Every structure is written in C-alpha cells, then in structure tokens.
**Student:** 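This structure is in structure tokens; I'll ask about it shortly.
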Amino acid sequence: MFFEERRKLFCDNTVVNWHEHVWFDRSGKLDEGRLELLMEHASLLGIDMTVVSLPLTKGFCTPEEVERANDAVIEAIKRYPDSMRGYVYVDPIMGRYALREIERCVENHGFIGIKLYHQFHMNDPEQYPIIEKSIELGIPVLMHAGKFKNILPYIKTNVTNAQHMIDAAKRYPEATFQMAHIGGGGDWYWQLKGVKELKNLFIDISGSVHDSGMIERTVQIFGAERILFASDGSYSSSVGKLLSAEISDEEVKTILNNPHFARYLRK
Amino acid sequence: MFFEDRLKLFKESYVVNWHEHVWFDREKKLNEFAMERLMNHAEILGIDMTVVSLPLTGGYNKPEDIELANDTAYEALKRYPKTMRGMAFIDPINGRYAVEEIKRCVEGMGFVGVKLYHQFFMDDPAQYPIIEKCIELNVPILMHAGKIRRDQQHTQPRISDSTHMIPAAKRYPEATFIMAHITGGGDWYWQLKGMEDCKNIFTDVSGSVHDTDSMERTAKVMGVDRMLFGSDGSYASCVGKMLSCELSDEEVKTILGNPRFLKYLERGAR
C-alpha cells in the first residue's frame with residue numbers, strides 16, 4: 001500500500017523531470033521513437049514536464065555538431081510544447097561561440113538551462129564565461145558529475161565531482177548549479193561532502209543507482225528543497241527510489257516539483 | 001673538407017627552412033629572444049627564408065586561443081618581412097571558424113600555408129573543409145606526423161602517420177601535403193612505406209633524429225624533389241644531416257630550396 005500511495009503523489013502533484021535526454025538516431029536525426037517512448041512513459045507516470053538536452057559524449061565537439069544537437073532538441077520541444085523544455089548543450093572549447101549558441105537557444109527557442117559535459121571541470125576557467133552567461137540570462141547550469149575511480153589513468157576525462165562543483169558555486173554565488181545524478185554511478189556518499197552550506201548548488205536524483213539510504217542521506221545533507229526529481233534514462237530506478245525513500249510525503253512532493261527551480265519553467 | 005664544401009651550399013643556394021616555430025613567452029606574448037636567436041642563426045648558416053608557425057600543443061583549442069597564436073606569429077613576420085613567412089595554426093575542432101581563420105591568415109595576413117597538429121588524424125572527415133580551403137587558396141598543409149610506438153600513443157593519440165597522410169592525399173590529389181619531420185622521432189623507415197606514388201605528399205627533414213641512411217632512404221623512396229629542408233628547433237641535427245648525407249650536391253640543393261615549393265613564398269607578409 002505504501003508504494004501505491006507514494007505513486008499517487010506523482011499523479012496528484014505537478015512533477016518535473018529535470019534531467020532527461022533526446023538522442024540522435026543512426027542517421028543523425030532526432031530519434032522520434034525514443035522520444036515518443038519517453039513521453040508516453042512520462043504521461044503514464046504522471047510526469048508533467050520533462051527537461052531534455054542532447055549532450056555529445058564523445059569528447060570535444062565542433063560548433064556545427066553542437067548546433068545540430070541543439071537543433072534536435074528544438075525539434076523535440078516543438079512536438080511537446082506543453083510538456084517539454086530544453087537545456088542548451090555547449091562545449092567550452094567553442095569559446096565565444098559557445099556563448100552565442102547559448103543566446104541562440106535561450107533567446108530564440110526558449111531553452112531554460114545549460115547542460116555541460118566532461119570536457120572541462122566545473123571550476124575550470126574555461127567555464128567562467130559560460131557561468132557568467134547563465135547568470136546574465138537567469139538560467140541554471142546542469143553539470144554531468146560523479147566521483148569515479150581512475151580506471152584508465154592515461155585517458156584524460158575531466159569528469160566533475162563535488163569538489164569542482166563547490167569551487168564553482170563559491171566563486172559564483174549568484175549562479176545556480178545542478179549537480180547531475182546523485183544515483184549516476186561512482187561514490188555518491190563522497191559527493192555529498194562539503195555541499196551543505198552552498199545554497200546555489202542543487203542535485204538531481206537521476207541515474208540507475210538506488211542504493212539504500214542514498215535519497216535519505218541526500219535529503220539530510222541538501223534538504224529536499226535543493227533536490228530535483230530526474231531520471232536521465234533510468235525511469236524505474238528514479239521513480240523507485242522516491243517510492244521507497246524513507247522521507248516524508250511533503251519532502252517527496254518538494255523533490256517532484258522543486259519550488260526554487262519552478263521559476264525557470266516560466267521562462 | 002667535404003663538410004665545409006657542403007656548408008658552402010647553404011651560402012651559395014637559396015635555402016628555405018619550411019618547418020620552424022616562434023613561441024609565446026611566459027606572458028603569452030611573442031618570445032622575442034627565441035625568435036631573434038633563430039633568425040640570427042639562420043643568417044649565420046645562410047638560410048634565406050624561414051617559415052614559422054605557433055602551434056598550441058596541449059590538445060584542443062578555443063578559437064580565441066588559435067587567433068592569438070596566429071596574431072603572435074604575424075607579429076614575428078612583420079619583424080622579418082624579407083626572411084620569414086608564416087603558416088596558420090588551425091584546430092579542426094573549431095569547425096567553420098577554423099576555415100574562417102585560414103582565410104583570415106592567408107588572405108588578410110599573407111600566411112603561406114596551414115599547420116596542423118595532432119587534434120585529428122590527417123584523413124579524419126573533420127579535416128576535409130580545411131583541406132578544401134587550402135586547395136581553394138593554393139597553400140600547402142604541414143601536418144605534424146610520426147610513427148610512434150603503441151605505448152607512447154597516450155601522449156599524442158591522434159598523431160598522423162603515413163597511413164593517415166596517404167588516404168588524405170589520395171582523396172584530395174589537388175592538395176599539397178607536407179608530412180612533417182621524417183626524422184622527428186618514431187619509425188621513419190615505416191613512414192616511407194607507400195610513399196612512392198603519392199606525388200602530392202612531401203616531407204621535411206626536420207627533427208632531432210639523424211640516423212644513418214635516413215636522408216638517403218627518404219630520397220630513394222620520395223625523391224629529393226619531394227623533400228624540404230626544415231629544422232623544427234633542431235638546427236644542429238638538420239644542418240648536419242644535409243652535410244653528411246650521401247646525396248649529390250645537386251640533390252642537396254634541391255632539398256635546400258625545393259623549386260616546387262618556391263611558388264608558395266610569393267605570397268608575402270602583409
């Protein structure tokens with residue numbers, strides 16, 4: 001009964017999924033089948049709004065590749081104007097053209113946030129102009145994050161962990177950061193260290209990890225008002241961990257539709 | 001006496017160094033000390049023209065950083081309008097802005113070629129728009145190259161070797177490629193395989209390696225008319241291998257001032 005009652009919270013409240021994606025198909029166009037499946041499941045679960053981006057995960061990207069990715073998101077949100085919003089994906093290696101791409105997507109196409117990947121750590125000076133642009137436009141920055149073991153030490157990827165997020169959040173207290181997927185793999189417990197006092201640092205619960213105690217501990221450190229519901233491709237895990245988390249219904253409701261982030265949807 | 005006679009060839013012939021660099025100092029300004037020393041030595045040796053670029057060797061680069069590198073190289077060219085030419089350093093990660101940067105440097109500042117590094121292999125599709133722009137502007141492409149050992153590959157995972165140069169040269173027969181420093185380290189003998197028939201690939205003799213037979217073998221496979229004198233920071237080795245190689249004086253003179261490449265120098269600094 002407990003799970004079923006929790007399930008009702010999804011249906012009875014506004015639910016925003018702050019971390020999802022659309023993807024290319026094999027021909028390099030918007031994968032419509034996956035998009036439809038995503039939104040069909042959102043509808044079945046009672047998720048009212050899905051915030052998507054299309055990050056390129058291969059490494060550094062040309063401006064054209066980044067623009068094509070964001071164009072696919074534009075196409076997706078046009079299909080679902082009432083239930084989908086977009087985050088603009090950029091690669092800081094684009095320099096001043098990254099800022100131009102953010103402006104294009106936010107001002108011309110109503111995107112509501114910025115999505116970053118592992119080209120540079122969150123606190124790398126290459127990110128400063130992007131963070132400053134997010135402040136200027138009043139939008140959050142979602143950074144792919146996790147505390148991982150160095151499996152292949154000679155392959156250099158700059159995956160951001162809490163340490164990088166904290167640095168950036170301290171440097172830019174007026175910016176809003178979304179540290180991605182506490183359940184995205186790696187050491188989530190480590191990720192929660194030192195973040196308590198940083199009011200401009202939020203976290204989403206997406207990812208396929210649903211260790212026992214993870215959501216409870218995240219609520220204990222961040223407080224529900226700094227936690228965002230999200231799935232990032234893992235609906236069952238992300239819904240499931242909210243159904244079974246030993247936190248109050250009020251806290252679950254806060255996570256499902258984070259009041260601080262609700263303002264960005266109005267853009 | 002043999003070496004001294006050979007050294008005279010440098011004085012008597014028109015000598016072009018097709019692979020050199022200027023660098024930033026610690027404040028990211030033109031390193032004037034290194035540049036002056038370079039040009040001073042060029043004069044002593046009898047090198048008439050030095051072609052320089054300022055490559056950024058750390059990985060991928062923002063358009064702003066590339067522009068600063070090329071602006072800095074341009075500053076050097078203005079100091080030596082008669083004895084220095086520039087190659088534009090380009091990173092294909094900048095997409096269409098990389099192509100714009102070639103145009104800016106060649107048409108706006110009189111650069112005579114494009115210098116590529118190991119961000120992408122020479123035959124990567126990301127290079128296609130760059131190669132096409134070089135064909136349009138009639139400038140050669142100098143690609144950092146070498147056959148390095150597998151256990152060294154993490155340092156330059158996308159360094160081009162001849163298996164990347166050859167497909168690019170075959171795909172674009174109207175483009176002119178310089179496979180950099182045949183003696184820049186790695187397996188130079190391996191690099192020469194398959195090179196006989198790729199008439200639009202040249203190589204320069206720069207680098208600190210001066211293995212016995214490296215010049216002779218290169219001349220045998222590629223022909224001296226596809227070899228360019230270059231130093232890439234290794235004057236002693238590069239002049240030395242010209243002095244001691246068992247090639248005829250005529251052949252050495254061809255390498256020193258390759259007549260097939262002189263046309264590219266006509267575009268002077270602006």
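Per chain, numbering begins at 1; letters A, B, ... match sequence-line order. Keep in mind it's a predicted model, so treat the numbers as computed, not measured.
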**Student:** Is it true that A:Lys29 and A:Glu75 have a side-chain N and a carboxylate O under 4.0 angstrom from each other?
**Tutor:**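 Not counted as a salt bridge, because no side-chain N and carboxylate O are separated by less than 4.0 Å.
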**Student:** Do the ring centers of B:Tyr172 and B:Tyr128 come within less than 6.0 Å of each other?
**Tutor:**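 Here the rings of B:Tyr128 and B:Tyr172 have centres that are less than 6.0 Å from each other.
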**Student:** Less than 4.5 Å to any heavy atom of chain A: does that hold for the side chain of B:Pro92, its backbone, both, or neither?
**Tutor:**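 Contact with chain A is through the backbone of B:Pro92 alone.
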**Student:** Name the region of A:Glu65, side chain, backbone, both or neither, that has any atom closer than 4.5 Å to a heavy atom of chain B.
**Tutor:**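 Contact with chain B: none, neither part.
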**Student:** Considering only heavy atoms, which portion of B:Asp91 lies under 4.5 Å from any heavy atom of chain A: side chain, backbone, both, or neither?
**Tutor:**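 When you check distances to chain A, no heavy atom of B:Asp91 falls under 4.5 Å.
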**Student:** Looking at B:Arg79 and B:Glu75, does any basic side-chain N land under 4.0 Å from a carboxylate oxygen?
**Tutor:**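 Salt bridge present between B:Arg79 and B:Glu75.
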**Student:** Check for me whether the distance between the ring centres of A:Tyr89 and A:Phe111 falls short of 6.0 Å.
**Tutor:**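 No, they do not, as the ring centres are separated by 6.0 Å or more.
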